[in-house]
Undergrad: 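Quick one: the structure is below, questions incoming.
Letters A, B, ... mirror the listed sequences (proteins, then strands); counts begin at 1. Computed from heavy atoms alone, side chains included, the values below leave out hydrogens, waters and symmetry copies.
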Amino acid sequence: MQERYNPAEIEARWQEKWAREKSFRVHEAEGKPKYYLLEMFPYPSGRIHMGHVRNYSIGDVVARFKRLQGFNVLHPMGWDAFGMPAENAAIQHGTHPAVWTTENIANMRAQLKKMGLSYDWDREVATCAPDYYRWEQLIFLRMLEKGLAYKKSAAVNWCPSCETVLANEQVEEGCCWRCDSTVEQKELDQWFFRITAYAEELLDWTNRLPGWPESVLTMQRNWIGRSQGCEIDFAVEGDSRAIRVFTTRPDTLYGATFMSLAPEHPLAEMLTTADRRTEVEAFVRRIQGIDRLQRTSDDLEKEGVFTGSYCLNPVTGRRMPVYLANFVLMDYGTGAVMAVPTHDQRDFEFARKYGLPLQVVIQPPGEVLDPATMTGAWEEAGTMVNSGPFDGLDNDSGKLRITEHLEQLGCGRRTVNYRLRDWLVSRQRYWGTPIPVVYCAECGTVPVPEEQLPVVLPTDVVFTGEGGSPLAKLESFVNTSCPRCGSPARRETDTFDTFVESSWYFLRYASPQHDSGPVERSAVDYWLPVDQYIGGVEHAVMHLLYARFWTKVMRDIGLAGVDEPFTNLLTQGMVCMETRSCPEHGWLYPEESQGDRCSKCGAPAVVGRNEKMSKSKKNVIDPDGLIARYGADTARLFTLFAAPPEKGLEWNDQGVEGASRFLHRVWRLVGDHLELVRGAGGIDPAGLDESGRDLRRQVHRTIRKVTDDIDGRFQFNTAIAAVMELVNGISAWPDKTRHPAVLREALETVVRLLGPFVPHVAEELWRELGHEQGLEACGWPVCDEAALAVSTVLIVVQVNGKVRGKVTVPADADESTVREAALGDPNVARFLEGQTVRKVVVVPGRLVSVVAG
RNA sequence: GCCGAAGUGGUGGAAUGGUAGACACGUCGGUCUCAAAAACCGAUGCCCUCCGGGCGUGCCGGUUCGAGUCCGGCCUUCGGUACCA
């Protein structure tokens, strides 16, 4: 055995062995329970970052642990390979996206292999490969048949920088999720997936995913935004048309005194009278000129314009002036709102501004609202007034009663409204899955027939960076013939949102080479659902909602038998580091600010707060450099030890040193005792003295602790801490030569418990300890309950809630013995002097609490 | 505003309602060395009259023999979301 721990040599050797022997390859196996462990696959940007290191280290611990526990573990890896950066690289550096992506994948695969992750590399998929996306095109055709995919013209989010449209989920605070440009609105003809058809089911299942973090479920529930209410039709005065509104407050109908429409509402123009036209048009133009971010900001003043028309309140007959209002959104509800200024704050402000009438219809308990003196709307519960036959009802029952009344009148009905919009999947980009349809002058929109799939993304395109998809300019791709009538036709040149590929890759992993369909049903039935999914919380709504939807679609077209894709979800925290900047040279990389000074000018570096590692702020650590310097095991150990997985991880160079030091210590501890331990026989528990039993007890306590911490709790930091304690305990144990068998068990346990965390060094030490077969052959260590037995226990004694003494008693001492021992402790007795003992609580094996006074 | 999570030493973080601060980092002291690094040993919440005692888990109350943990009310930070009718 080498005297010094040399990670580079050890790691290369084991990685080579794992690759050569395909150690982590799996098949559907009878007789062994399956476990599907998945980490979110990366975008092949070129290099892995610390977020990947953390994500995949966490996953690998679980994979290796479950394997040791006897599960048949599916642990795959692949590439989310379509996307914009590839296209940008082509524009900027002239490298073709396919070449760029392939090279990046090769680089990153090599990096991941250097981390010693236990993937079944035979299942690797890249979503840009035709034999992946062809099945996506097929599923799209099925969705088209079922009406789950459709094309419509709509106002959509347009990112001017990415030159493509975005789904609602992909707009964050009015900006593009990817590049942060301000998103504009454009009216375009686009493809959508009917995710709203699954809104109710997606929502319903959020209550049946106990293995998901509550925060993620809440975010999804809010995003779906179900709201129960009622649609009401308001007849337009002197017109056959009606304005339909959605409201959750039908109980306030008698108080509706005017109507507000979105400026984009289809009826807006028709309802504008000649004398109002100039003003209305100016208003609409002005509002549409404001970008979405400002328009939906809270402090935008409520503004509107009168159209000149009136509609009629169906229950009061009141003439309600129809306004256009800047705060009414066309894409929620029906784009029209019945305004009840007394019971809705926005309507209140609007009414005050334009001098519109107020009518109180809900009285709060013990108070009388007066429209003349109200300073705000009353939006809470109360008793109905001025509401004809409904007076005196509590407003909650009023909701139902008025809805029923409207249903009888034929001008209203119960409805459920969702905030969730259909998923806009068209992208005006090249590097994505071609949408397999053809436009024919005769036949209209024609799906590409199944047998003609895949529609292969052509490679001979020209990247100018000057707007528009390069695909649309490629005549050889665009010009085709209609599959139905044979006449000349044009291909769809939009490609899919790349979230489509990531919505089903976990299903493809079950049978990645299957070539007669998207998935092999028997393989999906065996492996799915994913038992544990691990990834960043930033995907809480987008990816995780799309993946749930797509899984249900695949179920409904017979490709999968599960309702939900992911049984358990772990969302890991971000990797953070403090930023450093120079007043002169801006953000500094860690190596540019050594000694707390800017390496360029020597000015003191300004230390900023801890933030998510990002290239733009240069607060990044390069995993390659870390691995080259310390080895993969140290990198893994530090990221697992520094914080529990779901919390943010604060980077700390000295912490890395500490992790490395620990591995060196373990190496030495084993190496120093190899001779002693190699000749050791089995343990005879009965023949051990107290010291031997003590170490064995610690060994088996550690087994129990580490097992509990990994299994389900994912408390890797405390699991590692427990092993560190054991290592400290072994180092300090004075009887190594007297009990070599106990020492052997202790050292072997350390190595076995470390296996999932630092697999290379663990396997190496295991071999040094004389084992021909790897760690997996003997499984996960089992806690020997008998070894945990203690003869005496330390009892804490409290007097009036404060610790006043500690006594040691036999483990099997009865309550009165413990009580007497506690009261007999000199220091305890001191505090009881002159006091009456009123109560004594004895917690067996733990403490005695004395109440005196 | 609403929803969610979290506030514990110099730092990262531990604690089924039962000795608060495990483990690690850092710092200080020591051993070894010509010296340094590495390694090892010891100390390390604050305070005092220091075999002992007082105070300490964001703030204020409560439940309990006993609260970092449970309950009520605040404050702060982070994340999500928002004219959603």
Undergrad: Between B/C25 atom P and A/Glu657 atom CD, what is the distance in whole Å?
TA: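 To the nearest whole Å, that distance equals 10 Å.
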Undergrad: Write down the distance separating the C1' atoms in B/A20 and B/G56, rounded off to the nearest Å.
TA: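 Comparing C1' positions in B/A20 and B/G56 gives a spacing of 9 Å.
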Undergrad: Taking only the side-chain heavy atoms of A/Thr218 (C-beta and beyond), determine which of B/G52, B/A14, B/C3 contains the nearest atom.
TA: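 For A/Thr218, the side-chain atoms sit closest to B/C3.
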Undergrad: Could you check, using the six-membered ring where one of them is a Trp, whether A/Trp378 and A/Phe348 have ring centers closer than 6.0 angstrom?
TA: no
Undergrad: Taking A/Val828's backbone N and O only, do any of them form a donor-acceptor pair with A/Asp825's side chain (distance below 3.5 Å, no angle check)?
TA: yes
Undergrad: Flag the pair A/Phe350 / A/Phe327 as yes when their ring centroid distance falls below 6.0 Å, and as no otherwise.
TA: yes
Undergrad: Expressed in angstrom and rounded to an integer, what is the separation of A/Met542 atom CE from B/G80 atom P?
TA: 10 Å
Undergrad: Describe the nucleic acid contact of A/Arg421 in one word from base, sugar-phosphate, nothing, applying a heavy-atom distance below 4.0 Å.
TA: nothing
Undergrad: Start at the 5' end of RNA chain B and walk down; is the nucleotide closest to A/Gly658 or to A/Lys647 reached first?
TA: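 Upstream on the strand: A/Lys647.
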Undergrad: Do any N or O atoms from the side chain of A/Trp667 and from the backbone of A/Leu669 form a donor-acceptor pair under 3.5 angstrom?
TA: no
Undergrad: As a test of understanding, state which of A/Val340, A/Ile362, A/Val360, A/Val361 forms a side chain to side chain contact (heavy atoms under 4.5 Å, CB included) with A/Tyr254.
TA: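 That would be A/Val361; it is the only one of A/Val340, A/Ile362, A/Val360, A/Val361 passing the side chain to side chain contact (heavy atoms under 4.5 Å, CB included) with A/Tyr254.
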Undergrad: Now, which nucleotide makes the Watson-Crick or G-U wobble pair with B/A20, with each of the two distances under 3.5 Å?
TA: none
Undergrad: Using a 4.0 Å heavy-atom cut-off, does A/Val851 contact any base of the nucleic acid, only the sugar-phosphate backbone, or nothing at all?
TA: sugar-phosphate
Undergrad: Choosing from B/G13, B/C23, B/C40, which nucleotide comes nearest the side chain of A/Glu725?
TA: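 That would be B/C23.
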Undergrad: If you only use heavy atoms from C-beta on, which nucleotide in B/A14, B/U81, B/A85 is closest to the side chain of A/Thr247?
TA: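 Closest of the options to the side chain of A/Thr247: B/A85.
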Undergrad: Tell me the interatomic distance from A/Arg704, atom CZ, to B/U16, atom C1', rounded to whole angstroms.
TA: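 Going from CZ in A/Arg704 over to C1' in B/U16 covers 12 Å.
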Undergrad: Considering only side-chain heavy atoms of A/Arg419, which listed nucleotide, B/A82, B/C23, B/A14, is closest?
TA: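 Closest nucleotide to the A/Arg419 side chain: B/A82.
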Undergrad: Return the nearest nucleotide to the side chain of A/Met219; candidates are B/G52, B/U19, B/G80.
TA: B/G80
Undergrad: Which value, in whole Å, describes the distance between the C1' atoms of nucleotides B/A39 and B/C50?
TA: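 After rounding to an integer number of Å, I get 34 Å for this pair.
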Undergrad: Taking A/Phe641's backbone N and O only, do any of them form a donor-acceptor pair with A/Asn717's side chain (distance below 3.5 Å, no angle check)?
TA: no
Undergrad: Between B/C75 and B/G9, how many Å separate the two C1' atoms, rounded to a whole number?
TA: 22 Å
Undergrad: For A/Arg713, answer base if it contacts any base atom (sugar-phosphate contacts may also be present), sugar-phosphate if it contacts only those atoms, and nothing otherwise; contact means non-hydrogen atoms under 4.0 Å.
TA: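 Sugar-phosphate, backbone atoms only, no base.
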Undergrad: Which part of the nucleic acid, if any, lies within contact of A/Ser849, taking any heavy atom under 4.0 Å across all strands shown: a base, the sugar-phosphate backbone alone, or nothing?
TA: base
Undergrad: When we call it a touch if two heavy atoms are under 4.0 Å apart, what does A/Val803 touch: a base, just sugar-phosphate, or nothing?
TA: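 If one applies the 4.0 Å heavy-atom cut-off, A/Val803 turns out to touch the sugar-phosphate alone, with no base involved.
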Undergrad: In whole Å, what is the span from the CE atom of A/Met577 to the P atom of B/C25?
TA: 20 Å
Undergrad: For B/G72 versus B/U64, give the span between their C1' atoms, rounded off to a whole number of Å.
TA: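 After rounding to an integer number of Å, I get 16 Å for this pair.
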Undergrad: Treating A/Ser387 as the side-chain partner and A/Met384 as the backbone partner, does any N or O pair qualify as donor plus acceptor under 3.5 Å?
TA: no
Undergrad: Applying a 4.0 Å non-hydrogen cut-off, can you work out what A/Arg665 is touching in the nucleic acid: base, sugar-phosphate, or nothing?
TA: sugar-phosphate
Undergrad: Without swapping roles, check the side chain of A/Lys647 against the backbone of A/Gln572 for a donor-acceptor pair under 3.5 Å.
TA: no
Undergrad: Would you indicate what A/Phe638 reaches in the nucleic acid, counting non-hydrogen atoms under 4.0 angstrom: base, sugar-phosphate, or nothing?
TA: nothing
Undergrad: Which part of the nucleic acid, if any, lies within reach of A/Glu650 when heavy atoms closer than 4.0 Å are counted: base, sugar-phosphate only, or nothing?
TA: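 Sugar-phosphate contact only.
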Undergrad: Considering every strand shown, what is the Watson-Crick or G-U wobble mate of B/G79 when both distances are under 3.5 Å?
TA: B/C3
Undergrad: Could you work out the separation of B/G68 and B/G13 based on their C1' atoms and round it to a whole Å?
TA: 14 Å
Undergrad: Any strand counts, and the cut-off is 3.5 Å on both contacts for Watson-Crick or G-U wobble. Which nucleotide pairs with B/G61?
TA: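 WC or wobble partner is B/C71.
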Undergrad: Rounding to an integer number of Å, can you tell me how far A/Gln835 CD sits from B/C65 P?
TA: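 Taking CD of A/Gln835 and P of B/C65, I get 17 Å after rounding.
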Undergrad: When the P atoms of B/U11 and B/C46 are considered, how many whole Å apart are they?
TA: 12 Å
Undergrad: Report which part of the nucleic acid A/Asp344 touches: base, sugar-phosphate, or nothing (heavy-atom distance under 4.0 Å, all strands).
TA: nothing
Undergrad: Base, sugar-phosphate alone, or nothing: which one does A/Phe662 contact when heavy atoms must sit under 4.0 Å apart?
TA: nothing
Undergrad: Determine the contact category for A/Asn800: base if any of its heavy atoms lies under 4.0 Å from a base atom, sugar-phosphate if only primed atoms, P, OP1 or OP2 are that close, otherwise nothing.
TA: nothing
Undergrad: Between B/G7 and B/G21, how many Å separate the two C1' atoms, rounded to a whole number?
TA: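 It comes out at 16 Å once rounded to the nearest Å.
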Undergrad: Give A/Lys806 one of three labels, base, sugar-phosphate or nothing, depending on what nucleic acid heavy atoms sit under 4.0 Å from its own.
TA: base
Undergrad: Rounding to the closest angstrom, what is the interatomic distance between B/U16 and B/C70 at atom P?
TA: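 Straight-line distance between the two P atoms is 11 Å.
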Undergrad: So what does A/Pro213 touch, heavy atoms closer than 4.0 Å: a base, only the sugar-phosphate, or nothing?
TA: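 Nothing, no heavy atom under 4.0 Å.
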Undergrad: Which nucleotide in the list B/C25, B/G18, B/C83 gets nearest to the side chain of A/Arg661?
TA: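 Of all the options, the side chain of A/Arg661 is nearest to B/C25.
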Undergrad: At 4.0 Å (heavy atoms only), tell me whether A/Gly648 reaches a base, stays on the sugar-phosphate, or touches nothing.
TA: sugar-phosphate
Undergrad: Of the listed nucleotides (B/A24, B/C25, B/G13), which one gets closest to any side-chain atom of A/Met724?
TA: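 Output: B/A24.
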Undergrad: Using both distances under 3.5 Å as the test, list the Watson-Crick or G-U wobble partner of B/C28, or none.
TA: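 Pair assignment: B/C28 / B/G42.
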Undergrad: Should A/Glu231 and A/Arg414 count as an ion pair when the cut-off is N to O under 4.0 Å?
TA: no
Undergrad: Which is more 5' along RNA chain B, the nucleotide nearest A/Ala722 or the one nearest A/Lys705? Just name the residue.
TA: A/Lys705
Undergrad: Output the single nucleotide from B/C65, B/U81, B/A22 whose closest atom is nearest the side chain of A/Ala721.
TA: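 Nearest to the side chain of A/Ala721 among the choices is B/A22.
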Undergrad: Which way is the base of B/G9 turned, syn or anti, if we draw the line at 90° from 0?
TA: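 This nucleotide is in syn.
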